[in-house]
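Here is the structure we will look at.
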2 protein chains.
Amino acid sequence: MDANLKYRKILKRHNLSATQFRIRVLKEIDIVGRPISRNELLDKLGIKTDRVTLYRNLQILCEFNIIENVDPEGSGFFVLKYGKKAHDLHHLHFECTECKKLYCIHEIVSDISKIPAGFNVDSFYLLAKGTCEACSTNN
Amino acid sequence: MDANLKYRKILKRHNLSATQFRIRVLKEIDIVGRPISRNELLDKLGIKTDRVTLYRNLQILCEFNIIENVDPEGSGFFVLKYGKKAHDLHHLHFECTECKKLYCIHEIVSDISKIPAGFNVDSFYLLAKGTCEACSTNN
DNA sequence: TCAAATTTGCATCCATGTTGCAAAAGTAAT
DNA sequence: ATTACTTTTGCAACATGGATGCAAATTTGA
């Protein structure tokens, strides 16, 4: 009956309070179905949404492994990270400089197995920037 | 006789005024020999250096193809880009989250020839983050 | 050397991210 | 359901990084 039960359960499973705010955030990330930026989330949540609260919750949700930041830049792009379809980081992300959306290009992958000794890798990114089809043709 | 003649010539060749400021910037980028960030440049140029002037000149030098930004993030990392040893963008960059330095790892490369149609690629980056040998052992 | 053009340095603004804290919401026990 | 307790939210304030406008200084070229 509760359409938000899904998100409430995820939060509870990770020992986090199931607040309205967090449920809304998870729902938006889930619905959009691709890595979403802080600013796009702010837009979707409404203009009155507090930036601080969103940033703090994104950080908490990351720490509790409920979501994941899949982009190296400060602001980041977030995806859900639970159950079966974990986001594989070793494919290419294409960021459109016009619409600011991030596309996953699974055709292009790379690996870091050949990295020289001494480098302690925490995260790895394959990133392209340019314009997506929609933005290229609309000009 | 003029130790800075080299940089003066580069600027002139590209029809840019050979100002003291630009000569100092080019010299620092040349000396450090690896991609250098805005903040590290500010440090090297001295605490009194004006941020705006540096940013504006880095942008101009990029536009005139004298230097190149080899990192996708806002602040960026800059290298000289003239003559023989142009920086090849398709190798891995390792950014140390401790000392903030960027290392070029030529052992790891990738290519974007298999990118699906419709994506108009302007720039491409292979980026790893973590701690370098020096920073890993000094903790 | 001097006038014209360009560049610099400063003031100011804007966007983005952080911290502290009182008020509000969520939780768990009765 | 009410209560007491804990956590979270929303706001104010601050910090950093980047951009613009403009007068003063530097550079250029005749």
Side-chain angles (χ1 to χ4, degrees), chain A residues 2 4-5 7-28 36-64 66-67 69 71-78 95 97 100 102 129, chain B residues 2 4-5 7-28 36-64 66-67 69 71-78 95 97 100 102 129:
Chain A
D2 182 0
N4 297 327
L5 189 58
Y7 310 110
R8 182 166 260 116
K9 275 186 176 174
I10 294 170
L11 290 164
K12 281 296 154 194
R13 197 184 312 142
H14 290 82
N15 289 311
L16 280 177
S17 302
T19 66
Q20 289 307 307
F21 195 98
R22 287 176 184 156
I23 290 169
R24 284 205 302 149
V25 169
L26 287 181
K27 196 174 193 172
E28 290 298 347
I36 185 170
S37 69
R38 293 182 178 187
N39 281 338
E40 195 178 347
L41 263 174
L42 272 177
D43 278 350
K44 288 195 183 296
L45 293 171
I47 198 154
K48 298 192 63 180
T49 307
D50 184 54
R51 252 171 49 241
V52 178
T53 306
L54 177 60
Y55 295 175
R56 268 197 284 231
N57 274 298
L58 288 175
Q59 192 182 326
I60 289 168
L61 292 172
C62 278
E63 282 165 9
F64 281 75
I66 297 174
I67 64 173
N69 182 353
D71 196 74
E73 311 209 25
S75 54
F77 284 84
F78 301 88
E95 186 179 338
T97 51
K100 312 295 182 197
L102 196 75
K129 292 194 180 190
Chain B
D2 182 0
N4 296 328
L5 189 58
Y7 309 111
R8 183 165 260 113
K9 275 186 176 172
I10 294 170
L11 290 165
K12 280 297 153 194
R13 197 184 311 142
H14 290 82
N15 290 312
L16 279 177
S17 303
T19 66
Q20 290 306 308
F21 195 97
R22 286 176 184 157
I23 290 169
R24 285 204 302 148
V25 169
L26 287 182
K27 196 174 194 172
E28 291 298 346
I36 186 171
S37 69
R38 293 182 179 188
N39 281 338
E40 195 177 347
L41 263 174
L42 272 176
D43 278 350
K44 290 196 183 294
L45 293 172
I47 197 153
K48 299 191 62 180
T49 307
D50 184 55
R51 252 172 50 241
V52 178
T53 306
L54 177 61
Y55 294 175
R56 267 197 284 228
N57 274 297
L58 287 175
Q59 194 183 324
I60 288 169
L61 292 172
C62 278
E63 282 167 6
F64 280 75
I66 296 173
I67 65 172
N69 182 352
D71 196 74
E73 311 210 22
S75 53
F77 284 85
F78 301 88
E95 185 178 339
T97 52
K100 311 295 183 195
L102 196 76
K129 292 195 179 190

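Just so we're on the same page: letters track the sequence lines, and every chain starts at 1.
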To the nearest 0.5 Å, tell me how far [X] [atom1] sits from [Y] [atom2].
X       : Y       : atom1 : atom2 : answer
B/Arg22 : B/Leu16 : CZ    : CG    : 5.0 Å
A/Leu61 : A/Glu63 : CG    : CD    : 9.5 Å
B/Arg8  : B/Gln20 : CZ    : CD    : 6.0 Å
B/Asn57 : B/Ile67 : CG    : CD1   : 9.0 Å
A/Ser37 : A/Asp43 : OG    : CG    : 8.0 Å
A/Leu42 : A/Arg51 : CG    : CZ    : 8.0 Å

Please state how far atom [atom1] in [X] lies from atom [atom2] in [N], giving the value in whole angstrom units.
X       : N      : atom1 : atom2 : answer
A/Glu40 : C/dA15 : CD    : C1'   : 18 Å
A/Arg8  : C/dT27 : CZ    : P     : 7 Å
A/Ile60 : C/dT19 : CD1   : C1'   : 14 Å
B/Glu63 : C/dT7  : CD    : P     : 12 Å
B/Asp50 : D/dA24 : CG    : P     : 17 Å
A/Leu61 : D/dT7  : CG    : P     : 17 Å
A/Leu11 : D/dT7  : CG    : P     : 16 Å
A/Lys48 : D/dT9  : NZ    : C1'   : 13 Å

_Reference residue B/Val25; test side-chain contact (heavy atoms from CB on, under 4.5 Å); the match among B/Ile36, B/Thr53, B/Leu54_ =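 That would be B/Leu54; it is the only one of B/Ile36, B/Thr53, B/Leu54 passing the side-chain contact (heavy atoms from CB on, under 4.5 Å) with B/Val25.
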
Could you tell me whether the side chain of [X] and the main chain of [Y] form a donor-acceptor pair under 3.5 Å?
X       : Y       : value
A/Arg24 : A/Leu45 : yes
A/Arg38 : A/Tyr55 : no
A/Asn69 : A/Phe78 : no

*Output the residues of residues 18-26 of chain A in contact with DNA chain C, where contact means a heavy atom of the residue under 4.0 Å from an atom of the strand; sort by number or write none.*
A/Ala18, A/Thr19, A/Gln20

_OP1 or OP2 of C/dG17 versus the side-chain N and O atoms of A/Arg38: is any pair under 4.0 Å?_
yes

*Looking at DNA chain D, which of residues 51-59 of chain B put a heavy atom within less than 4.0 Å of it?*
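Close to the strand are B/Arg51, B/Val52, B/Tyr55, B/Arg56.
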
*Can you find a heavy atom in the side chain of B/Phe21 that is under 4.5 Å from one in the side chain of B/Thr49?*
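Side chain of B/Phe21 against side chain of B/Thr49, heavy atoms only: contact under 4.5 Å found.
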
*Bend across the helix from C/dT1-D/dA30 to C/dT30-D/dA1, to 10°, with axes taken over 5 pairs at each end?*
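Comparing the first five pairs with the last five, the axes sit 40° apart.
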
*B/Ser17 vs A/Leu16, nearer the 5' end of DNA chain D by closest nucleotide*: A/Leu16

*asked:* Once you apply a heavy-atom cut-off of 4.0 Å, does B/Lys12 come out as touching a base, just sugar-phosphate, or nothing?
replied: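 Here B/Lys12 touches the backbone only, sparing every base.
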
